[in-house]
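Beneath this line is the structure, given in structure tokens, with notes to follow.
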Protein chains: 2
Amino acid sequence: MNQTKRYLDIVRDIRDMIRQEKIKPGDRIPSERELAETMQVGRSTLREALRSLELLGLIETRRGEGTFLSDHRNHTLVEVLSTFVLQDNQSHKDVWETRLLHEVAAIQTICQNEAASQMKVWDSFRLHLKHDSFQREDFVRELMVLSGNRLSLKIWFLLKQYSGNPYDGTVTSDEIEHMNHILTAIEQQDAETAVREFRAWDEWLQKERIRNGNDS
Amino acid sequence: MNQTKRYLDIVRDIRDMIRQEKIKPGDRIPSERELAETMQVGRSTLREALRSLELLGLIETRRGEGTFLSDHRNHTLVEVLSTFVLQDNQSHKDVWETRLLHEVAAIQTICQNEAASQMKVWDSFRLHLKHDSFQREDFVRELMVLSGNRLSLKIWFLLKQYSGNPYDGTVTSDEIEHMNHILTAIEQQDAETAVREFRAWDEWLQKERIRNGNDS
DNA sequence: AGAATATGAGTGGTCAGACCACTTTCAAAA
DNA sequence: TTTTGAAAGTGGTCTGACCACTCATATTCT
């Protein structure tokens, strides 16, 4: 009768339980034997659901202690995915484009918001640009955060990892000009220019990445 | 001694096996009992590894038949998103905005592509608009498909469901004008206008929805 | 009394064996 | 030749049993 996979139901049930019981990250969830009994399923079936949740980084299990709601998002998911999935070029392209799509949207949102576009964060970035080494990812992440859309931020975070962390590393001297253009345009709330400059940077980054050889 | 999770080892072993045996997408992999024996692990332990792989969309299991390498090997990411991005109470607003974000990007992509923007699909839509009843969703879905980004399409599909299927129902006479404007702009490859018109329609739709009472 | 130790309950990790429901295959019966 | 059905093989589930580990408690030793 019930065609849906059992363990997926359990995944949903556990999620609902967490929500109802108001269990917070770091908290312990009931033991496997307990859960199995209340949900009327065998322990091995329940464990299949738990393994799924664990692989996604949602829970953390410690032998002898228990199972806990994870507080830091685990990255094992991405490792597994990257080793298996990304073979054909279309996937790569889709992921890259979709990530870029979210970034562009974030920039547009920021430019439309006077408060966000005039943030003092940008000044601090400017300082870093001159003096210290500068992590690319910090810049883009800040854009995503300031856009105010948390869902978009999370999707972006996943896509970033999924496309092999394209922002790893620090900015080179070649990139500083790009960054400055982008920052200026944002401060002037000139969305069109900001997006164009960002796209140029992205394109440059992609070529750079290919030049240095990209991992599978 | 062995601190690493057993089932993760198995995941790796399975991956290696697939590589060595040159199993291709769609092919069948050895049965659970067989795998368990050759890998010297219990069947339930092996199954925990398989469930993880299945949740990621890497394999596909069919009762009575066997386990197969998934042939649509990309975009499993989306299922992942559904389970852990949307677990906490994301505001309705974020979901709506993110969906809109993908739709707007799709329109822009289509407008930049001469072939897509001149598709005969639009003519057929025009005809429907005049005569038959017209499903809102058909229109938007077509946009997403024609954008060519399959990942974006799947994310959109999910977001649509999570925002309570905002496109349910047929277009009313009030909306026909909106649709016509959008179609015209697309055919003229005028992205700016197309997006503006689409946003206007979206806004109208949102208000309409609130007026009629929306489910969570 | 205080510190070191031993114990036991509880937990996740693993395994073996047993059914069940289902699909495929192929030989026997029509 | 076609139909039928029995058997083998598959994933799905459950049970009960150990193991390894952690932690709180009680016990013993100094």
Side-chain angles (χ1 to χ4, degrees), chain A residues 1-15 17-18 21 23 25-72 74 76 80, chain B residues 1-15 17-18 21 23-72 76 79:
Chain A
M1 307 302 111
N2 198 357
Q3 277 294 18
T4 66
K5 304 276 180 181
R6 197 81 141 86
Y7 79 99
L8 284 181
D9 291 341
I10 300 177
V11 166
R12 184 169 40 75
D13 288 346
I14 293 177
R15 206 185 52 192
M17 181 209 68
I18 289 173
E21 307 284 349
I23 302 175
D27 288 355
R28 191 170 156 279
I29 70 178
S31 74
E32 296 181 350
R33 292 170 177 82
E34 216 170 316
L35 283 174
E37 196 179 3
T38 65
M39 294 187 179
Q40 293 285 299
V41 295
R43 197 180 148 213
S44 41
T45 304
L46 181 103
R47 276 179 62 82
E48 293 186 10
L50 288 180
R51 285 299 74 70
S52 301
L53 291 173
E54 188 182 17
L55 192 77
L56 295 179
L58 286 182
I59 61 173
E60 198 175 314
T61 58
R62 290 181 226 134
R63 165 185 269 175
E65 296 183 60
T67 306
F68 303 82
L69 251 195
S70 181
D71 41 1
H72 50 72
N74 213 351
T76 56
V80 177
Chain B
M1 304 300 111
N2 199 358
Q3 277 293 18
T4 66
K5 304 277 180 180
R6 198 79 141 84
Y7 79 99
L8 284 182
D9 291 340
I10 299 177
V11 166
R12 186 170 39 74
D13 288 346
I14 293 178
R15 192 193 59 197
M17 181 209 67
I18 288 173
E21 307 284 349
I23 301 175
K24 295 184 178 178
D27 286 356
R28 190 171 156 277
I29 69 178
S31 74
E32 296 181 352
R33 291 168 178 83
E34 217 171 316
L35 283 175
E37 195 178 4
T38 64
M39 294 186 180
Q40 292 286 300
V41 296
R43 195 179 149 215
S44 38
T45 304
L46 181 102
R47 276 180 62 83
E48 293 187 10
L50 289 181
R51 285 298 76 69
S52 301
L53 292 175
E54 188 184 15
L55 189 79
L56 297 178
L58 303 178
I59 62 173
E60 198 175 313
T61 57
R62 297 199 277 269
R63 168 186 267 174
E65 296 183 61
T67 306
F68 303 82
L69 252 196
S70 185
D71 41 2
H72 61 288
T76 60
E79 277 73 21

By salt bridge (Lys or Arg N to Asp or Glu O under 4.0 Å), which residues pair with A:E65, not counting sequence neighbours?
A:R62
Within the 4.5 Å heavy-atom criterion, are [X] and [Y] side-chain neighbours or not?
X: A:M17; Y: A:T38; value: no
X: B:R47; Y: A:S44; value: no
X: A:R33; Y: A:L46; value: no

Criterion side chain to side chain contact (heavy atoms under 4.5 Å, CB included) against A:L53, the qualifying member of A:I59, A:T67, A:T61:
A:I59
A:E54 CD to C:dG12 P, straight-line distance once rounded to whole Å
11 Å
Measure CG/B:L35 against C1'/D:dG11 and give the value in whole Å, please.
12 Å
Here the residues of residues 41-48 of chain A within 4.0 Å heavy-atom distance, strictly under, of DNA chain D are A:V41, A:G42, A:R43, A:S44, A:T45
Expected rows: protein N/O vs nucleotides 4-11 of chain C N/O, under 3.5 Å:
{"residue": "C:dG10", "atom": "N2", "partner": "A:G64", "partner atom": "O", "Å": "3.2"}
{"residue": "C:dT11", "atom": "OP1", "partner": "A:R28", "partner atom": "NH2", "Å": "3.2"}
{"residue": "C:dT11", "atom": "O2", "partner": "A:G64", "partner atom": "N", "Å": "3.4"}

To the nearest 0.5 Å, tell me how far A:M39 CE sits from A:I14 CD1.
5.0 Å
B:E37 near the nucleic acid: base, sugar-phosphate alone, or nothing, with a heavy-atom cut-off under 4.0 Å?
nothing
Heavy-atom closest pair (A:I10 atom, A:A49 atom, distance to 0.1 Å) is CG2-CB, 3.6 Å
A:R51 with A:E48: basic N within carboxylate O range, under 4.0 Å
no
